[in-house]
Each structure stands twice: as C-alpha cells, then as structure tokens.
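Notes follow the structure.
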Amino acid sequence: MDSLGWGEIIVAMALRFAPVWLAIGAVFVVSIRLRRRLGLYGKLFDSGSGMVGLGIVLFWVFTALFADIIITHDPLGQVSGMKNALPGTLMPDGTNPYLLGGDNLARDVFSRMVMGARRVLSIAPAATAFAFMVGITLGLAAGYRGGMFDIAQTFLANLVLAFPVILLFYLLVTPAIRDSWIVTTLAAVLFAFPIIFFVLLWNSRYHTDPRKRALSIGLTLVVGGWAYSGLAFNADPTGIFRMDPNLLNVFVSVVFVNAPTVFRIVRSLTLDLKTREYVAAAQTRGEGAWYIMLWEILPNARGPLIVDFCLRIGYTTILLGTLGFFGLGVSPESPDWGSTINEGRRLLALFPHPAIVPALSLMSLVLGLNLLADGLREESLRD
Amino acid sequence: MLRFLLGRVAVTILTALCLTFAIFALTNLKPNLVKLAKTEAESRMTDEEVERWIVRNGYARPVLLRYGEWLGVMPGWEGGGTAAIPPRCKRAVPDGAEIPTFCGVLQGYFGFSTTFKADVSAIIGRALGLTGWLMLWVLVVMIPISLLMGVLAGMREGSRLDRTLSTIAIATTATPEYVSGVVLIVLLASATLGVSPILAEMGWIGTKTLFMGTATSAMDNITFWNFALPVTTIALYGTGYIARMTRASMAEVMTAQYIRTARLKGLSFGAVVLRHALRNALIAPFTVIMLQFTWLLNGVVIVETLFNYKGFGWTIVQGAGNNDIELLMGCSVVAVIVVLVTQLISDVGYALLNPRIRVS
C-alpha cells in the first residue's frame, strides 16, 4: 500500500490548517496594532510566553470553529483496509490519505483529533464559566457577610473538595444515574446561579433607576429562564437550548467539582479586599451589600480571577480527559480526546499513533492555557 | 492550641461522617443497586427478579439504618435466613465463634467485598501496601527535584535559568498522568517505537524493551525497570506545581530586607541563599506538598489503571465499576482520612513553622 513520507504528511496537514493560520495571523496583526488600547489583553503582546500561549489557544479555538472544513474524512466513518493504518497511508483507491493513520476501528485519527477539539472546547470553557458564576456568587457573600453563612458554606466546600474526584465521577457519571433525580437537581441548582448573579448585578446597579432596572432584570429573567428551562429540564419548547443527557451529566459533575475551589479563591480575595478604603467609603455612602460586593470588590479582584479562569479551563480539560480515560459519560463513538486515548492505549505498544495524537493535542491545549495564564499574571502584576 | 486542635478534629470527624454517608447514599441509589444485582446474580434478570434479589439481600431496607449498621451503631442485619445470605456479623468473626450484635467500622469490621469475595480490610490492606511503595518512590523522586527546581529558579528571578526552569515546570503541570504515561510508554517501553528498538539493535539491552510497559511484576518485586515509568508519570504532574509554588515563595523571600542586609554586609550569594533565604522560602511549599496528597490520589488511580498495578487506585476502579458497596465505603474511608489528616497536618504545621502565625 502506498503511503506518504513524514515531510509530505506535515505539509499536507499544514495546508489543511490553512484557515486556522489565516485567522491566527489576522488576530495577531490586529491585536498588535491596537495593543495600547486593549488594556490587559493588549499588554499580553509584551510577554513572549504569553504570546506563545495565546497562539496555541487560538490555534485550538479556530480548529474547533473551522473543524468542518479541516477534516479530511468523516470522523465516525470506517474504511475497510485502514485498520491501524500507519500515518500517511493512502485510501484503498489511492487518494486522500489518512494523514495521521487509522485507529483500531479504521477511522481517521486526524479528523477525530480535529473534531475532538470542537468537543472539548465546547464543554470546558462553558463548564468553567458556570463554576465561576457559582463560586463568585457564594464566595462574595461568604467572605463579605461572614458568620454562620460563611461557616456553613466553607464546610460544604471542604466536603466536596475532600471527595475523591474519580470516585465521584464513577458514582455520578453513569447512564443509570443520568436519568435519576440527582443530576437534574444538581443541574437545577447549579444552572440557577448565572441568573441569580445577573439579577443581583443589575438590581444593585440600577436600583435608583426603575426603568433600566425593570428592563435589564426582565431581559435577564426571560433569556435566562428560557435557557434554564432548556438546559436543566430539557423543557425548551423551541428546542434551541437543549443538552444531550450524557453531556448534561458530564457538565454538571465538572461544574460541581470545580465550583468549591473557585468559591475558596473568591472568598479569600473578598476577605482581603473588604478591608480597603473604597469599601469603607461605599459603606459610608450607604450603598447596599450586593452593590459593594459586585461593583466594588469584584472588579478589583478581576486580575487573579482572570488568571485562574485560564488555568481552570486547562484543569477542566484535564478532568474531561480523565472522564474519557475511564470511559465515563461519553458515547463510545465520541471523538473527544480522553476516550480516544483510552481506546488507543490497549494497542499502545504496537500502534501508538491513535493514542499519541490526542494525548499531545490535549497537552498542548493545556500548556497553551497555562502559558497564557502565566503571561496574564506577569503583565497584571507589572503595574 | 489545644482548643484549636480539638475544634479541627471535631470538624474532621463531622466531615468524614457526612462524606461517607454521601457515598453510601450514592452507591445505594436504585440504578446502582440494579447494577450490583445484575453483576452479582445474573445479567439477564427480569425487573421483578432484580427487585426480589434486592429485597432478599437486604438492600431494600432504609439507607440510614444500613449506614448505621455499617458504622456499627445499629445492630447488624440478621441475614436472609439461608446459608447463601448469612447474617452480616457472621463474617466479622472466625467460623464457629459467637456472632456479635454490632459489627461496623467502629468495631473494626469493614464488611465484605462482593467483587473479590473477601474481607474488605484484607483487600484494602494489601492494596494500600502496594500503593504505599508507589507513593514512597513518588515522594522520594518528586520532592527533592521540585524543591531544587523552585529554589534555583526563584533565587535569581528573571534570569535565564529561571525562565528555563519555569517553562519546564509549566509544561509538566500541563501534562496529566494519562498523557505522560502514554508518551513515556511509547518512548521507552514500546518494542516498535522510541528508543527501545534502537538500543536492542545495538545490542545494549537483552530484552525487547528498555522499560516495562506494565508494573504488574512490581507487585512482587520492585525493580528500576518495572517501576520507573509509573513513578515518573505520577511525579511529573506534581513536580511542576510544587516547583512553581517554591519559586514564587523563594522569589518573594529574596526581595526581603534581611536578604539585602545580609548581602550588604558582605556575605556571598550562596551563603545568603542557604542560610537566610531557604528556611523561610520552604514554609509555603510545605503546605502545598501536604495538600498535594489529594492530587496524588487521582494520579494513583490513573497510573495504576494504565500500568495494571493492583494497588489502592486500581481497587477503587474495580469497586466502582461493579458497585461493590462495602469495598467502596472502605476505600472512601481511607481516602477521606488521608485528605483530612493531611489538611490538618498542613494547618498545624504551617502554624508551627511560621513564627508570624499564632493560634489562640
């Protein structure tokens, strides 16, 4: 069977990624031109490692966006004769090679890797954002109010943190549990926090302006409630907001594991920031508690939070991979990186490419996020 | 200090009770019991048969009552009246001995594993022994390397050495165990790829691969060749994290007034680092290392699965896969104790090490 050499494979892959290169180039040119006006993001372009990190992250983001035009084969399609094919093997009819070889079900490793990026990047950032909403809302309140509320919250957070993560995943992320009340209840509680957060945010800001207040809160409730009914209960009549039950299960567990750590970070930041003068000034002005928390303390805590957000997306990616590695919560067909590694490791000694490709992809994405976080931390400390 | 300690111990016990109950409740959810019934009896049972199996084996009684039995504060279940389903406490004592009324964790009986058909404490004891060796070597490798990396990087912030070491540290924290394990196996323990075929061809190694891709043989006899890969895989992920914490702490100490004073009075840089900076810089990493145990547990589960080493992590996976309730409870007791005790040690140790913290 004919096959391509490594040089040809690399050139062919670089060509497949052409739209990604163009998009990254465009982002970099525009950002470097405007960097003095872009605040913290603009300053990132002063740090070498930050730029490298951003580049890697953008690579995967655009790969996920353009996945449909990058892939060379159907990621689920099986072609006879291509089982465990080596990288660069041409199809039986002599055209359109499997750039990175075939896996043990004769599917294209390259296309699965590209589609896996879409899958990972559609869950990890969103799950992290939800965890942040939960952690910020509870952490601010616990840190600012203190007292019994704080003690109870901290106890609960430590409880979740002491839970062995893998055991939790095994017990929560199984098809049988998926349909029980536990996941739905957790989803109902966790998904309510973004709505609570934004209602509190607008209410504390516009409580002197009834018209703006009614408008912003009304809008939040309508849009949020619509998304909430669809995501948590799968009851959206229009069907725009819905989540596959498997996905919901994975999503909820990952948010549940991440939220306590965010809570602890926000709480300790709040404890520190609430002793500052501007908080005392706002208290003297007679501002409400939530105004002080959301519009005085939170903006001043943004530096560490942005950095942690980047790190945490990486950590969530690792968690998703762990789930896939143990074969939990994903359909066996799914191209996500964790389960592909898991499938590939059985034949690792003979045919390493089906496992190595997603492994290196996952590592590079997390590395990019860590470098980005490091660059952001360095630049935000500079002034 | 005593009050502080007592308070912490009380909270720790409360946390342990809540956690074990949560796990007990989760393993006793209907779908999980159905799974247990199907693995224990027969996989193609009808719904009614499953229902009867659950009732006959005592799983249909209230969860709180059975948690009490497991804990040892409620009289043990009297059993199904047949030889196949003996009273719960019969297995807690040797054959022929009088069956006690209470048999639970408080009496030192951890129950019976449905998967391995053996006493939970025996299984966990063996598994912990195996994992203990793994952890020991991980710590022996990880702590010196990561502290050294952190101190070297942090003593001259912004130098080339700092940049290089920091990049390495970031790279290792970005590599979860299931990635580094796979990469290491391919590089060092594959008969077709990596360095092994080259070495074998040159006649430098007698076996097909340089390192062994499984650690099963290490359960009886640990050698460098079967244990290096699993140890490296776990250590790698933690090394970068501890190194970065050490670096941050070291960099902060190096900007302190007393360091400048020491330099100005003419001490050499090496002497300042060793005598003045090091001790203060190592306070923060101590906490981090203690809290790292929780993370190590995750790594242990992944690595033991990947390298087929039948220790504690492997046992958790087996128990969870088969919903082996009492085995899982035993494992979670151990896990929770490890987590909570290390938290306690890190808090107390931090207070003792750091002269600025006073507990009262």
Side-chain angles (χ1 to χ4, degrees), chain A residues 48-49 53 155-156 158-172 174-182 311 314-315 317-319 321-322 324-326 337-338 341-342 344-345 348-353 355-356 358-371 373-374, chain B residues 11 14-16 18-19 22-23 26-27 29-32 34-35 163 166-167 170-171 173-183 185-187 189-194 209 213 237 240 244 294-295 297-298 301-302 305-306 313 316-317 319-321 323 328 331-332 335-336 338-340 343:
Chain A
S49 65
F155 180 74
L156 275 180
N158 287 341
L159 205 63
V160 179
L161 286 175
F163 216 112
V165 178
I166 294 200
L167 188 54
L168 185 76
F169 281 163
Y170 256 106
L171 294 176
L172 267 186
T174 54
I177 299 288
R178 191 179 75 199
D179 307 319
S180 75
W181 55 273
I182 291 203
L311 286 177
Y315 178 61
T317 309
I318 291 180
L319 274 186
T322 310
F325 181 79
F326 287 106
W337 293 336
I341 296 174
N342 182 33
R345 77 185 161 94
L348 201 55
L350 289 172
F351 303 105
H353 55 275
I356 284 283
L360 293 181
S361 309
L362 191 142
M363 183 188 150
S364 69
L365 172 62
V366 181
L367 179 65
L369 285 163
N370 283 10
L371 286 173
D374 209 51
Chain B
V11 172
L14 187 62
T15 312
C18 288
L19 263 179
I23 293 171
L26 277 174
T27 50
L29 285 174
K30 194 62 196 290
N32 281 338
V34 172
K35 184 163 87 180
R163 295 255 162 233
S166 296
T167 311
I170 292 179
T173 49
T175 318
E177 292 88 354
Y178 50 88
V179 169
S180 49
V182 163
V183 172
I185 290 180
V186 169
L187 277 182
S190 157
T192 53
L193 265 138
T209 60
Y237 189 52
R244 294 188 62 180
T294 335
W295 297 75
L297 183 68
N298 253 342
V301 177
I302 295 171
T305 310
L306 187 61
I316 288 190
V317 171
N323 197 44
L328 279 183
C331 288
S332 52
V336 166
V338 168
V339 169
L340 295 177
Q343 266 180 14

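Sequence lines set the chain letters: A, B, ... in the order given, protein chains first and strands last, and positions in each chain run from 1. Below, all heavy atoms of this structure are taken into account, side chains as well, without hydrogens, waters or symmetry copies. What you see is a predicted model; the values in this text were computed from it and never measured.
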Nearest heavy-atom neighbours spanning [X] and [Y]:
| X | Y | answer |
| --- | --- | --- |
| A/Pro352 | B/Val186 | CB-CG2, 3.4 Å |
| B/Thr305 | A/Arg345 | O-NH1, 3.9 Å |
| B/Ala171 | A/Leu367 | CA-CD1, 3.5 Å |
| A/Leu167 | B/Ala320 | CD1-CB, 4.4 Å |
| A/Ile166 | B/Ile302 | CD1-CG1, 4.2 Å |

Checking heavy atoms, do the side chain of [X], its backbone, both or neither come under 4.5 Å from chain B?
| X | result |
| --- | --- |
| A/Ile341 | side chain |
| A/Leu161 | backbone |
| A/Phe351 | neither |
| A/Ser364 | neither |

Heavy-atom distances under 4.5 Å only: say whether [X] touches chain A with side chain, backbone, both or neither.
| X | answer |
| --- | --- |
| B/Leu297 | side chain |
| B/Ile316 | side chain |
| B/Ser166 | neither |
| B/Ser180 | neither |
| B/Leu19 | both |

Leading residue by heavy atom contact count with chain A [cutoff under 4.5 Å; candidates B/Val183, B/Thr167, B/Val317]:
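Ranked by contacts with chain A, first place is B/Val317.
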Ranking B/Leu26, B/Val11, B/Thr15 by heavy-atom pairs under 4.5 Å to chain A gives rank one to B/Thr15
Using a 4.5 Å cut-off on heavy atoms from C-beta on, say whether the side chain of B/Ile23 contacts that of A/Phe163.
yes
Any heavy-atom pair between the side chains of A/Asp374 and B/Ile170 that's under 4.5 Å?
yes
The test is side-chain contact (heavy atoms from CB on, under 4.5 Å); show your working for B/Cys18 and A/Phe155 and say whether it passes.
CA-CA 10 Å; B/Cys18 288; A/Phe155 180 74; 4.1 Å; yes
Under 3.5 Å, side chain of A/Tyr170 to main-chain N/O of B/Gly319, donor-acceptor pair present?
no
Roughly how far, to the nearest 0.5 Å, is the OH atom of B/Tyr178 from the CG atom of A/Leu362?
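It is 4.5 Å, given to the nearest 0.5 Å.
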